[in-house]
Amino acid sequence: MNLTESLLHALKAHGARQIFGIPGDFALPYFKVIEASGILPLYTLSHEPGVGFAADAAARIGNNSGTGSDGSGGRALGVAAVTYGAGALNMINSVAAAYAEKSPLVVISGGPGEGESNSGLLLHHQAKRLDSQFRIFEEITCDRARLDDLERAPADIARVLGNCLKHSRPVYLEIPRDKAASPCAPVPAIEPPAVDPDALAACADEVLQRLQQAQRPVLMVDVEVRRYGLEAQVAELARRLALPVATCFMGRGLLADADAPLVGTYMGVAGLPEVTQLVEDSDGLFLLGVILSDTNFAVSEKKIDLRRSIVACDGEVRLGWHVYHDIPLAALVEALLARTAPREVAFEVPRSVYPRGLVADDAAIAPQDIATAVNDLMDRHGRLPIASDMGDCLFTAMDIEHTALVAPGYYATMGFGVPAGLGLQAATGQRPLVLVGDGAFQMTGWELGNCRRYGWDPIVLLFNNASWEMLRTFQPESRFNDLDDWGFATMAAGLGGDGVRVHTRAQLQAALERAVATRGRFQLIEVMIPRGVLSQTLQRFVAGVKRLNAGK
Ligand SMILES: Cc1ncc(Cc2csc(CCOP(=O)(O)OP(=O)(O)O)c2C)c(N)n1
Ligand SMILES: [Mg+2]
């Protein structure tokens, strides 16, 4: 076995199901082994930002299942394979997004071999120093290794991949091009560190005691619940404790298939008032796997007192002024389930509050109409997993019925939507719905040109307001937010798909029906939206932020 094969087997054993990548001369040797070995399927894309987003989305949605198809414990890794310098450094933003949003992404980069590294010459693709890339990735990964010592490499790979899953953060592995096909021992399996049973018991008992003492306990869930494959277990815990469940903005889409008492998404002043009140009036808020970020909590009508809350994330559990360290989320959930019993009384699934019954007339289209049309479509044809970009499309997604959703809800980068949709379909085989604005589509929408060779056929809803509209809502006086009207729909055929531009609600409904009925080619529906017409959620968000800032 050679170094690359050893790494590929280890990636698969840790939950990787595919690789997304773009080669280069420093990467050709290891790409050759990937292709020849067939250990993991390789999907090449067109631009490294898209490679990173697709691999990130594959990791996120892969952990949704909670059970590994080959007994890998239900965890999933995303893998992005690139070349040194121009490739890896081109993917920095995507990896930073994965770091911020706790996605277990493995970055593999080719690197200079020993001889050329000692040549005394500056190498092509080199930035400041030969190890500049390695140092840059220190800031957006939780662990990393350069595999230049074949004796040490198996243990290095085991440690790095183990940390990727333990921390659910990106990691970086560099393969010197003169070592890719060198003989190497298999990567040893390493056991995750044991959890202190007494600390875990004390923590679980205290959490339950807090929840039982509360008059209005509420469970809020976020991305770690998915990253650690715990949705089914958390839904069962919510049922047993009869806890209403709110997701935060980033956690939207969680528990969608898990029969949980979901009340909706907490968005403070921008969200549904009944959900905002439920969360902010709670005297026992249990934040499970929640990233304490501004996009989740900065728009709170009433400041949430985190000291009165229970906060379990990043391997710690905070209750008031004390912290239980080294308590993995999975261990905590398991301990809580062990201390509770299934309830006889089935909980009342809250009635859906999401808009339905699109009036299919000649009226112009507003974002709310898109949400309504999608809800109607899913009622008729079944739920679709959604990949959303940043922009008003993501705020519109808050009005779409609960369904699996991958989106940059915290790091908030544009360009995520289309590549993430491809990653989602590669990872699950399910046809995704992609929501993307015209500005974001200009960045990575062209990755749709890769669908035909892999048989992917996403349905893409392109919100075309010829504007960076989100920015305009905060600074309407600036003209630089005006974009030109690109004919995106007319470009679809050249990329191997079908495109249609729609102006009215009737045209939108018909286009969606046609898209669902057409398989094997991506479907691009370019939805023309008048500038200044926003989703209700974004309107509330902007008004709320302005009001809260005015009060400061
Ligand atoms: C990679 C990156 N560069 C810039 C920005 C900053 C930004 C946040 S929102 C936005 C406008 C988005 O325009 P789009 O047409 O896609 O959507 P909409 O607002 O609904 O019209 C920009 C430029 C971000 N977030 N990421
Ligand atoms: Mg726009």
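Just so you know, ligand 1 is whichever comes first in the structure, and atom 1 is the first atom listed for that ligand. The first residue of the sequence shown is numbered 1, and numbering continues consecutively from there.
Considering backbone and side-chain atoms together, G391 places no N or O closer than 3.5 Å to any N or O of ligand 1. Checked against a 3.5 angstrom limit, the closest N/O atoms of L483 and ligand 1 fall outside it. At a 3.5 angstrom cut-off on N or O pairs, D392 counts as close to ligand 1. By the 3.5 Å distance cut-off applied to N or O atoms, A440 is counted among the residues near ligand 1. At least one N or O atom of M414, backbone or side chain, sits closer than 3.5 Å to an N or O atom of ligand 1. Between L471 and ligand 1, a contact under 3.5 Å exists for no N or O pair.
Between Y266 and F297, the angle of the ring planes lies from 30° to 60°, which puts this pair in the tilted group. Between W456 and F20, the two ring planes are tilted [angle within 30° to 60°]. Using cut-offs of 30° and 60° on the angle between ring planes, the pair W446 and W486 is parallel.
L524 pairs in a side chain to side chain contact (heavy atoms under 4.5 Å, CB included) with only one of the listed residues (V436, T490, V460), which is V460.
Between R531, M390, E469, R472, it is E469 that holds the heavy atom closest to atom 18 (P) of ligand 1.
Within D438, the N/O/S atom positioned nearest the Mg ion (ligand 2) carries the name OD1.
Ligand 1 does not have G415 within reach: every non-hydrogen atom of the residue lies 4.0 Å or more from it.
Between the Mg ion (ligand 2) and S467 there is an N/O/S contact shorter than 2.8 Å. Inclusion of N465 in the first shell of the Mg ion (ligand 2) is supported: an N, O or S atom falls under 2.8 Å.
Atoms of ligand 1 found under 4.0 Å from any heavy atom of D438 (numbered from 1 in listed order, with element): 15 (O).
For the residue pair Q133 and Y172, a side-chain donor N or O sits within less than 3.5 Å of a side-chain acceptor on the partner.
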